[in-house]
Colleague: 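Quick one: the structure is below, and I'll ask about it shortly.
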Amino acid sequence: MRPLALLADPIFRAVEREFYAYSCNLHHLETLEDRRSDLAVLRSPSEFRERVDTGGAYSDPIWQYIEAQEGLEEEIARYRLRVRPILHMLDHLGESRPDLVRMFDLKYRRQMSWIAVEGEMAVSERTRKRLRHSLVVCGARFL
């Protein structure tokens with residue numbers, strides 16, 4: 001028996017959840033990177049004189065910028081950890097198994113029903129289940 005040939009049901013479902021969330025996570029990552037590039041350091045020179053007692057938190061604009069930048073960087077890093085493994089998997093599969101890439105696109109990006117996926121790919125239900133299992137096993141290796 002091959003390693004990872006039979007995935008435990010919770011692992012199978014966790015990998016598929018990541019597949020279903022991929023498009024949303026990719027969009028959110030792009031939005032965060034846009035927000036980071038649009039983050040303004042200062043709005044006006046008068047902000048250097050406007051300090052408020054915040055109970056230990058920073059109130060000057062430079063520190064506010066740094067805190068906002070660090071927060072965005074942490075969130076971007078979290079989303080990259082979720083998106084990049086799937087991108088690498090799709091690149092790897094694009095060279096060796098384009099049928100799995102097509103299945104990923106139809107089911108997890110376009111969110112078509114399994115019956116519609118079978119029709120688009122012109123495969124039987126049994127073949128579709130085998131391809132789905134291969135795709136999730138590959139995803140588990142990359143994730």
Side-chain angles (χ1 to χ4, degrees), residues 1-44 47-48 50-143:
M1 186 182 312
R2 295 185 331 246
L4 291 176
L6 299 174
L7 288 176
D9 196 44
I11 295 172
F12 190 90
R13 282 185 271 137
V15 171
E16 275 205 320
R17 271 195 309 271
E18 287 300 315
F19 286 174
Y20 281 115
Y22 172 74
S23 293
C24 183
N25 289 339
L26 187 62
H27 175 71
H28 197 70
L29 177 62
E30 291 167 355
T31 303
L32 287 170
E33 288 173 342
D34 288 343
R35 279 181 42 205
R36 180 183 59 188
S37 66
D38 293 340
L39 195 61
V41 177
L42 300 173
R43 288 186 299 272
S44 73
E47 289 185 8
F48 282 116
E50 298 172 6
R51 293 196 100 152
V52 179
D53 183 21
T54 58
Y58 295 107
S59 66
D60 65 275
I62 300 297
W63 281 105
Q64 288 174 351
Y65 169 80
I66 291 170
E67 287 179 343
Q69 183 78 17
E70 287 175 350
L72 282 173
E73 290 293 337
E74 288 175 14
E75 202 168 352
I76 287 170
R78 274 195 304 270
Y79 277 93
R80 281 184 180 155
L81 285 174
R82 296 181 76 184
V83 168
R84 281 189 175 162
I86 296 174
L87 282 172
H88 292 304
M89 178 196 75
L90 292 173
D91 287 342
H92 170 73
L93 290 175
E95 299 168 3
S96 58
R97 299 287 307 270
D99 54 337
L100 295 182
V101 174
R102 185 156 186 240
M103 176 179 270
F104 183 88
D105 182 54
L106 294 172
K107 181 59 182 172
Y108 301 108
R109 282 187 180 160
R110 296 186 196 177
Q111 298 191 356
M112 297 172 71
S113 68
W114 283 117
I115 294 170
V117 170
E118 290 169 10
E120 280 285 322
M121 295 183 69
V123 296
S124 67
E125 180 182 2
R126 184 172 181 197
T127 302
R128 187 260 307 160
K129 286 181 180 181
R130 185 178 45 78
L131 290 173
R132 176 186 180 196
H133 186 266
S134 297
L135 180 62
V136 173
V137 167
C138 185
R141 287 183 177 137
F142 278 84
L143 288 170

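Residue indices begin at 1 and follow the sequence shown. Only a predicted model underlies this, so the values are computations on that prediction, with no experimental measurement involved.
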Colleague: Is a side-chain donor or acceptor of K107 paired with a backbone partner of S113 at a separation under 3.5 angstrom?
Modeller: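 Flag not set: sc K107 to bb S113 has no pair under 3.5 Å.
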
Colleague: How long is the straight-line distance from CG of L26 back to NE2 of H28, given to the nearest 0.5 Å?
Modeller: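 The NE2 atom of H28 sits 11.5 Å away from the CG atom of L26.
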
Colleague: Do M103 and R128 come close enough that some side-chain heavy atom pair is under 4.5 Å?
Modeller: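 Sidechains of R128 and M103: in contact.
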
Colleague: Quick one: CD1 on I76 to CG on L81, what's the gap to the nearest 0.5 Å?
Modeller: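 Taking CD1 in I76 and CG in L81, the distance rounds to 12.0 Å.
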
Colleague: Give, for atom CZ of R17 and atom CZ of R82, the distance between the pair rounded to the nearest 0.5 Å.
Modeller: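 It is 9.5 Å, given to the nearest 0.5 Å.
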
Colleague: For the pair R102 (side chain) and E120 (backbone), establish whether a donor and an acceptor sit closer than 3.5 Å, ignoring hydrogens and angles.
Modeller: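 Between the backbone of E120 and the side chain of R102 there is a qualifying donor-acceptor contact (under 3.5 Å).
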
Colleague: Salt bridge or not between R36 and E75? Use side-chain N to carboxylate O under 4.0 Å.
Modeller: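 No, no charged N to carboxylate O under 4.0 Å.
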
Colleague: Any donor-acceptor pair under 3.5 Å linking the side-chain atoms of Q111 with those of Y20?
Modeller: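 Distance-only check fails for Y20 and Q111.
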
Colleague: Determine the interplanar angle of the H133 and F12 rings, folded into 0 to 90°, and report it as parallel if under 30°, tilted if 30 to 60°, perpendicular if over 60°.
Modeller: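 Ring orientation, 0 to 90° scale: parallel.
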
Colleague: Any chance you could measure L29, atom CG, to R84, atom CZ, to the nearest 0.5 Å?
Modeller: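 It comes to 8.0 Å.
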
Colleague: Output the distance between atom CE (M89) and atom CZ (F19), rounded to the nearest 0.5 Å.
Modeller: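 Result: 4.0 Å between the selected atoms.
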
Colleague: Say you draw a straight line from CG of L131 to CG of L135; how long is it, rounded to the nearest 0.5 Å?
Modeller: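 Going from CG on L131 over to CG on L135, the span is 8.5 Å.
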
